[in-house]
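Encoded as structure tokens, the structure appears first; notes follow it.
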Amino acid sequence: MGEENHTSVAEFIFLGLSQDSQTQILLYILFLIIYLLTVLGNLLIIILIFTDSQLHTPMYFFLRNLSFADLCFSTSIVPQVLVHFLVKKKTISFAGCMTQVIVFLLVGGTECALLAVMAYDRYVAVCKPLHYPTIMTQQVCLQLTTGSWASGSVVSLVDTTFTFQLPYQGQNVISHYFCEPRALLKLASADTYRTEMAIFAMGVVILLAPVCLILVSYWNIISTVIQMQAREGRLKAFSTCGSHLIVVVLFYGSGIFTYMRPNSKTIKEQDKMISVFYTVVTPMLNPIIYSLRNKDVKGALRKLAGRKSFSQRW
């Protein structure tokens with residue numbers, strides 16, 4: 001009987017971001033441009049870091065992982081949304097919905113952990129510069145990155161298991177544009193309290209714990225920078241940390257607002273807009289923020305462009 005409960009809903013129907021056909025066309029164009037910029041920007045960051053030996057440092061190793069996570073994060077949601085802008089019935093199979101939730105949570109959780117790891121890297125670089133090579137070794141970087149992906153996997157496993165062990169019967173209309181656990185819980189044919197508590201607990205682990213580590217890291221960084229005598233040293237320290245801090249505020253601000261509050265009975269329009277920000281906009285902004293504010297990345301880009309123009313002449 002339990003098996004029948006789990007499979008009684010064969011597919012889910014999304015209400016999407018708008019019911020107006022003209023608005024959907026405009027949103028399609030906007031989302032397509034943003035997605036193309038996301039793919040190109042993050043692929044470019046990955047290629048530059050892979051090909052330029054000057055970028056073979058811990059900070060850029062973590063940034064390469066962040067760009068890959070952004071690419072997966074956006075691709076797990078946006079292509080489907082683009083298709084749904086062009087069709088009347090916006091459906092997804094039960095298995096497809098589960099897959100989307102798994103990938104969304106895995107990559108989102110990993111990104112949270114990676115941002116905390118990058119804050120620690122900046123802390124060591126600014127506060128313990130002489131010990132940086134011995135602390136941030138290749139082995140440590142691999143362990144921190146592996147730990148980030150592992151933590152994302154644990155969060156995804158727990159949240160997905162609790163969400164999809166609930167019976168879904170009858171109701172299958174999701175008041176959202178993608179499969180998101182909080183929206184799915186509205187359709188469950190059973191009490192969702194345990195699942196809500198599990199999701200909240202995972203939110204504390206993957207959102208609040210990294211935020212605390214980031215705040216501690218930046219408190220120490222700011223204290224160290226203020227004590228620096230040389231103005232150039234202060235500017236360099238702030239510039240290397242500024243990009244990361246902007247990304248942290250954008251990603252965590254929207255994530256905490258969504259997952260660290262009581263689960264209301266309806267998904268409001270403002271919730272959809274905030275989720276657009278962290279699922280669609282932020283993955284596009286990350287490579288722009290890092291490349292525009294970073295001399296090393298801009299230098300690598302010029303070198304890559306120079307090699308291409310040289311090969312074209314020959």
Closest heavy-atom contact between [X] and [Y]?
| X | Y | value |
| --- | --- | --- |
| Val117 | Ser148 | CG2-OG, 3.6 Å |
| Gln100 | Ile92 | OE1-CD1, 4.2 Å |
| Thr279 | Pro283 | O-CG, 3.7 Å |
| Leu142 | Thr146 | O-OG1, 2.7 Å |
| Asp159 | Ile199 | OD1-CA, 3.6 Å |
| Leu187 | Val173 | CD2-O, 3.2 Å |

Could you walk me through whether Met118 and Leu66 pass the side-chain contact (heavy atoms from CB on, under 4.5 Å) check? CA-CA 10 Å; Met118 291 172 80; Leu66 185 71; 4.0 Å; yes
Report yes if some heavy atom in the side chain of [X] is under 4.5 Å from a heavy atom in the side chain of [Y]; otherwise report no.
| X | Y | answer |
| --- | --- | --- |
| Lys272 | Leu17 | yes |
| Leu184 | Val101 | yes |
| Leu32 | Tyr28 | yes |
| Phe85 | Ile25 | no |
| Tyr35 | Ser74 | yes |
| Phe12 | Gln171 | no |
| Thr110 | Ser151 | no |
| Asp52 | Leu48 | no |

For residues [X] and [Y]: do they belong to one hydrophobic cluster (side chain heavy atoms under 4.5 Å, members Ile, Leu, Val, Met, Phe, Trp, Tyr)?
| X | Y | answer |
| --- | --- | --- |
| Ile206 | Val216 | no |
| Val281 | Ile29 | yes |
| Ile214 | Val204 | yes |
| Ile288 | Ile34 | yes |
| Ile33 | Leu30 | yes |

Ring-plane angle category for Trp149 and Phe68, please: parallel below 30°, perpendicular beyond 60°, tilted otherwise.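 Rings of Trp149 and Phe68: tilted, 30 to 60°.
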So, does Ser76 use its side chain to make a donor-acceptor pair with the main chain of Phe73 at under 3.5 Å?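 Side chain of Ser76 to backbone of Phe73, a donor-acceptor pair under 3.5 Å: yes, one is there.
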Is the shortest distance from a Lys or Arg side-chain nitrogen in Glu11 or Lys89 to a carboxylate oxygen in the other one below 4.0 Å?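 Yes.
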Can you tell me which residue among Asp70, Leu63, Asn286, Leu55 is in a side-chain contact (heavy atoms from CB on, under 4.5 Å) with Ile45?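 Answer to the side-chain contact (heavy atoms from CB on, under 4.5 Å) test with Ile45 among Asp70, Leu63, Asn286, Leu55: Leu63.
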Please find out if less than 6.0 Å separates the ring center of [X] from that of [Y].
| X | Y | value |
| --- | --- | --- |
| Phe104 | Phe178 | yes |
| Phe14 | His84 | yes |
| Tyr218 | Tyr123 | no |

Once rounded to the nearest 0.5 Å, what's the spacing between atom [atom1] of [X] and atom [atom2] of [Y]?
| X | Y | atom1 | atom2 | answer |
| --- | --- | --- | --- | --- |
| Leu40 | Leu71 | CG | CG | 10.0 Å |
| Cys141 | Met136 | SG | CE | 4.0 Å |
| Thr134 | Lys128 | OG1 | NZ | 10.5 Å |
| Met197 | Thr192 | CE | OG1 | 9.0 Å |
| Leu185 | Phe162 | CG | CZ | 11.5 Å |

Stepwise, does the side-chain contact (heavy atoms from CB on, under 4.5 Å) test hold for Asn172 with Phe94? CA-CA 10 Å; Asn172 70 334; Phe94 191 92; over 6 Å; no
How about Gln143: does its CD atom have over 12 heavy atoms from other parts shown lying under 6.0 Å from it?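 Enclosed: over 12 neighbouring heavy atoms sit under 6.0 Å from CD of Gln143.
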